[in-house]
2 protein chains.
Amino acid sequence: MWPLSQKPGWAAATAIWSTRMSLARLDNKWTAMVVIALGRGDGLRFGDLRAVVQGISAKVLTETLRDLERDGIVARHEYAEMPPRVEYELTALGRTLHVPLQALGRWAEKHTAEVLEAREAYDAGRR
Amino acid sequence: MWPLSQKPGWAAATAIWSTRMSLARLDNKWTAMVVIALGRGDGLRFGDLRAVVQGISAKVLTETLRDLERDGIVARHEYAEMPPRVEYELTALGRTLHVPLQALGRWAEKHTAEVLEAREAYDAGRR
DNA sequence: CAGGATCCTGCTGGATACTG
DNA sequence: CAGTATCCAGCAGGATCCTG
């Protein structure tokens with residue numbers, strides 16, 4: 001195996017990753033969880049999302065949803081009622097994104113123990 | 001469809017997501033790209049990684065690699081040579097993580113155009 | 001209830017210089 | 001080459017208060 005840096009086209013092809021991965025909105029640490037949450041039920045309310053995505057503040061949830069709406073991943077439905085009701089759901093594009101993200105969520109659930117063990121072993125070695 | 005907040009077990013089951021997704025190291029925006037890069041070749045050097053994961057600083061790459069090593073996802077091989085050489089590769093656990101992350105990368109590549117269009121449309125409507 | 005506005009802080013992560 | 005150490009700016013994101 002030769003150094004990647006000498007592989008023709010590699011650097012150029014991978015240079016745009018950062019841009020594309022940003023488009024996937026992975027730069028916002030909450031995005032993935034919001035999309036996964038939305039992928040489960042249809043018509044989730046703001047409050048439901050806050051409860052499900054534990055730890056997120058109202059402000060950040062609002063911003064995250066705005067960004068996702070702008071990117072065509074989330075659709076916002078506002079009902080002129082009293083009290084006001086707003087529901088969010090994934091668009092068709094959003095549902096395609098939900099697939100790999102859900103796979104990632106499953107990975108996390110499945111391998112949590114292994115990661116924790118590795119972490120303890122590492123820390124034990126350092127001590 | 002009833003509100004999620006009333007679904008028994010849901011809140012409890014999803015409350016730990018944040019923890020588990022953190023374990024997946026999605027809170028670091030560079031992690032995904034580093035793992036994807038490592039998943040391609042075996043024995044990537046520090047400098048190669050810096051070149052491939054465009055825009056990352058040496059400091060942050062170091063920290064990211066340390067965290068991944070601690071979590072048992074990346075293995076570090078140091079060679080006592082002059083000049084020094086250090087190679088990184090995914091562990092068995094790391095390769096299982098690589099699968100969903102690569103899928104995510106493919107999503108980003110495939111749907112970049114759609115996202116950009118949605119973004120323009122959204123901004124046009126706002127104007 | 002859903003969020004806009006504002007203020008403020010901590011940590012992320014960049015720049016630079018130095019070592020084995 | 002592959003880091004480490006230090007310093008520091010910027011911004012993510014939390015707390016609080018307010019509105020339709």
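In what follows, every chain begins at residue 1, and chains take the letters A, B, ... in the order their sequences are listed.
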Residues which pass side chain to side chain contact (heavy atoms under 4.5 Å, CB included) with [X], listed by chain and number, not counting sequence neighbours:
{"X": "A:T112", "value": "A:L116, B:R20, B:L23"}
{"X": "A:K110", "value": "none"}
{"X": "B:R95", "value": "B:L90, B:A92"}
{"X": "B:A103", "value": "A:P100"}

Sorted by chain and residue number, the side chain to side chain donor-acceptor pair (under 3.5 Å) partners of B:T64 (sequence neighbours excluded) come out as B:N28

Where does the chain B footprint on DNA chain C start and end, counting 5' to 3' with a 4.0 Å heavy-atom cut-off?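 Nucleotide range with atoms under 4.0 Å of chain B: C:dG13 to C:dG20.
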
Can you sort out which residues in residues 64-72 of chain A have a heavy atom within less than 4.0 Å of DNA chain D? Ascending by number, please.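 Nothing qualifies; none.
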
Got a list of protein N/O to nucleotides 10-13 of chain D N/O distances below 3.5 Å?
residue, atom, partner, partner atom, Å
D:dG13, N7, A:K59, NZ, 2.8
D:dG13, O6, A:K59, NZ, 3.4

Rounded to 10°, the angle between the first-five-pair and last-five-pair axes of the helix from C:dC1-D:dG20 to C:dG20-D:dC1 is 50°

With A:R66, which residues qualify under salt bridge (Lys or Arg N to Asp or Glu O under 4.0 Å), at least two apart? A:E69

Listed once per pair and sorted, the ring-ring contact (aromatic ring centres under 6.0 Å, His included) pairs that draw on residues 24-79 of chain A, sequence neighbours left out: none

Any ring-ring contact (aromatic ring centres under 6.0 Å, His included) pairs touching residues 96-116 of chain A, not counting sequence neighbours? A:W107-A:H111

Look at all strands and tell whether A:R50 reaches a base, only sugar-phosphate, or nothing, counting heavy atoms closer than 4.0 Å. nothing

Applying side chain to side chain contact (heavy atoms under 4.5 Å, CB included), run through B:V34 and B:L68 and close with a yes or a no. CA-CA 9 Å; B:V34 169; B:L68 287 172; 3.9 Å; yes

Between B:Y88 and A:P83, which residue's closest nucleotide on DNA chain D lies nearer the 5′ terminus?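 In this pair, the answer is B:Y88.
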
Within-4.5 Å side-chain heavy-atom neighbours: B:L104 and A:L97: yes

Look at B:R45 and D:dC1 and indicate whether a side-chain polar atom (N or O) is within less than 4.0 Å of OP1 or OP2.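 Checking B:R45 against D:dC1: no side-chain N or O falls below 4.0 Å of OP1 or OP2.
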
